[in-house]
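Atoms within each ligand, like the ligands themselves, are counted from 1 in listed order. A quick note: this is a predicted structure, and the numbers were derived from the prediction, not measured.
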Amino acid sequence: MSQDTASQAVQDFFKRATGSFIDGAFVSEGSPRDVIDPSTGKPLTQVAEGDVALADRAVALTKQSFDDGRWSSMTPAARERILLRFADLLEQNGEELARIETLNQGKSINISRGVDVGFSVDFIRYMAGWTTKIEGSTREVSIGMPEAAKFTTYTLRQPVGVVAAIVPWNFPMMIALWKVVPALAAGCTVVLKPATETPLSVLRLAELAAEAGVPKGVFNVVLGSGATVGTRLSEHPDVRKVTFTGSTEIGKQIGHAAVEHMARFSLELGGKNPMLVLEDADLEKAVNGALMGGLFNQGQVCAAASRFYVHSSLHDRFCEQLARAVDTMQAGPGIDPEAQVNPLVSKRQQVSVQGYIDRARDHGANVHVGNKVPAEGFYISPTVISGATHDMEIAREEVFGPVLTVIPFDDEEEALRMVNDSEYGLGASLWTESLSRAMTMTPRIEAGIVWVNTHVTLDPAMPFGGVKMSGIGKEFGPEAVNAYTELKSICIAY
Ligand SMILES: NC(=O)C1=CN([C@@H]2O[C@H](COP(=O)(O)OP(=O)(O)OC[C@H]3O[C@@H](n4cnc5c(N)ncnc54)[C@H](OP(=O)(O)O)[C@@H]3O)[C@@H](O)[C@H]2O)C=CC1
Ligand SMILES: CCCCCC/C=C/C(=O)O
């Protein structure tokens, strides 16, 4: 698709996408809301937001589409073919989707093309394969009464039913797919609520899923606020599984609401992800890793590196090289592929991140602010903080912005203690040239994923999800599909 065609396709889509996508069509009723371009702060388009009544209607249709078996009773091979077609359509319309994501979220078009679209296409193809590989097992049992009857037992994995997916604004389309595709692969039907700020790309996804052959009503998108639509979806008695990515605070509320009706839930929550740079690390690799792991998507990544424990022999050079790098980065809208610094998603996020930086300065840390950024739009210049201590807010709380906080250490045991001294446990990285140190230290780090000499490297086959306050459950791999199934035991006497 040429750039001009893609640009025209985006404008046509803005006209069509008037609101939620339910039972195969856009719904225009509801309260109008401007969708903002973060690079200007001005409206891109407008959508109608739904309310509790629309959420109820969407759940009812999603339940009907599960109960009548239009999806769950299809053969696994037929579902797999539809999901593969969905991946093909995403790829064919990739430039349009990437533009929608960049215009709405603010991120670099390079990330939208390579990650939000590119990774998603690979992810769907990987997950489609599991559709035909969902397995139970036979079990040898020792049940008594051998003279009266013999027994055979086995397990079945069956789709859990209606899934509610509630997703954030940092990777609106990709994180939605991380939930919708394994759920569909398992035979579930899905109602999805995007973040208020970023409703657009998932609406286009829903259209493409329908075009690929996902039957009407099997994948619905309801727009609306977290307080109304989000709360209703998480407490709705017909929802059998809630899957959420976002803040720990809201994750806890969703977990409590789901437990009220014993719905299953998975929570992919915040992080305060450490990068531990040992004395023998390759400094250049570690600096590049910090820039990538900490500033990718303007640090609006749950697994972003945000606290850096660096051996004191490397600390000053590490900080200097980070500072030099941020001083040269050019800011601009995400749609400009040359711009290395892009706006954050919203004014709210800009204000929140700036607050963390200002308070770190007030608490006595050294704050090095990078190259200047435009006054219009929601920009924050990449910032390197040194001279902070491990107990300061900036070293403990999730900032979710382009802020790198560097803390020196001399003793590896003390560094490991600081790494683990966090309520979070999503991702962590260890930087060392010693295989032996890597093998010894990685099991001791409290995180769902530990990288060595890399950070935020993901693959659809590698389980992803945190420990402690970073969440419950895993995305990716066969674990993700199994998380949308119930395991049933069958026991036959004969
Ligand atoms: N793990 C991650 O990837 C993410 C972590 N975060 C962290 O959270 C901070 C705040 O971001 P924020 O956008 O407020 O995150 P939230 O957790 O509030 O939002 C995530 C999603 O949950 C919805 N939601 C909000 N309240 C409820 C509710 N009571 N019941 C059900 N759903 C709800 C939101 O809807 P709505 O948009 O309408 O409020 C959105 O769709 C960030 O600074 C960051 O630290 C944020 C996003 C992603
Ligand atoms: C595939 C490269 C990076 C993806 C980043 C994923 C972030 C997830 C999240 O914030 O939840």
Between Glu95 and Arg113, is there a salt bridge with N-O shorter than 4.0 Å? yes

Salt bridge (charged side-chain N to carboxylate O under 4.0 Å, His left out) partners of Arg307, counting only residues at least two apart: none

Residue, atom and distance of the protein heavy atom nearest atom 2 (C) of ligand 2 read Val115 CG1, 4.0 Å

Atoms of ligand 2, numbered as shown, that sit under 4.0 Å from any heavy atom of Ile175: 9 (C), 11 (O)

Within the 4.0 Å heavy-atom shell around Phe171, which atoms of ligand 2 are there? 5 (C), 7 (C)

Side chains of Gln354 and Asp358: any donor to acceptor distance under 3.5 Å? yes

Is there a side-chain contact between Gln349 and Trp169, using heavy atoms and a 4.5 Å cut-off? yes

Could you measure the distance from the CG atom of Leu54 to the CD1 atom of Ile22? Nearest 0.5 Å is fine. 4.0 Å

Surrounding NZ of Lys133 (heavy atoms of other residues, nucleotides or ligands, distance under 6.0 Å), is the total greater than 12? yes

Given the side-chain rings of Trp431 and Phe308, with only the six-membered ring counted for Trp, is the space between their centroids under 6.0 Å? no

Mark up the atoms of ligand 2 that fall under 4.0 Å of a heavy atom belonging to Leu458, in ascending order. 4 (C), 6 (C)

So is Met174 in contact with ligand 2, going by heavy-atom distances below 4.0 Å? yes

Taking only residues two or more places apart in sequence or in another chain, which ones pass ring pair (Phe, Tyr, Trp, His ring centres under 6.0 Å) with Phe14? none

Find all atoms of ligand 2 within a distance of less than 4.0 Å from any non-hydrogen atom belonging to Phe296, and give their numbers and elements. 3 (C)

For Glu268, counting its heavy atoms only, list the atoms of ligand 2 lying under 4.0 Å from any of them. 9 (C), 11 (O)

Does NZ or CZ of Arg359 lie under 6.0 Å from the centre of the six-membered ring of Tyr356, at an angle within 45° of the ring axis? yes

Not counting sequence neighbours, which residues clear salt bridge (charged side-chain N to carboxylate O under 4.0 Å, His left out) with Lys272? List them please. none

Counting only non-hydrogen atoms and a 4.0 Å cut-off, the residues near ligand 1 are Ile166, Val167, Pro168, Trp169, Asn170, Lys193, Pro194, Ala195, Thr196, Glu197, Gly224, Ser225, Gly226, Gly230, Thr231, Phe244, Thr245, Gly246, Ser247, Ile250, Gln253, Ile254, Glu268, Leu269, Cys302, Arg348, Gln349, Glu398, Phe400

Starting from atom 9 (C) of ligand 2, find the nearest protein heavy-atom neighbour and note its residue, name and distance. Cys302 SG, 2.6 Å

For residues Tyr424 and Asn273, determine if any side-chain heavy atom of one lies less than 4.5 Å from a side-chain heavy atom of the other. no

Identity and separation of the nearest protein heavy atom to atom 1 (C) of ligand 2: Phe119 CD1, 3.6 Å

For atom 6 (C) of ligand 2, find the nearest protein heavy atom and state the residue, atom name and distance (0.1 Å precision). Trp178 CH2, 3.5 Å

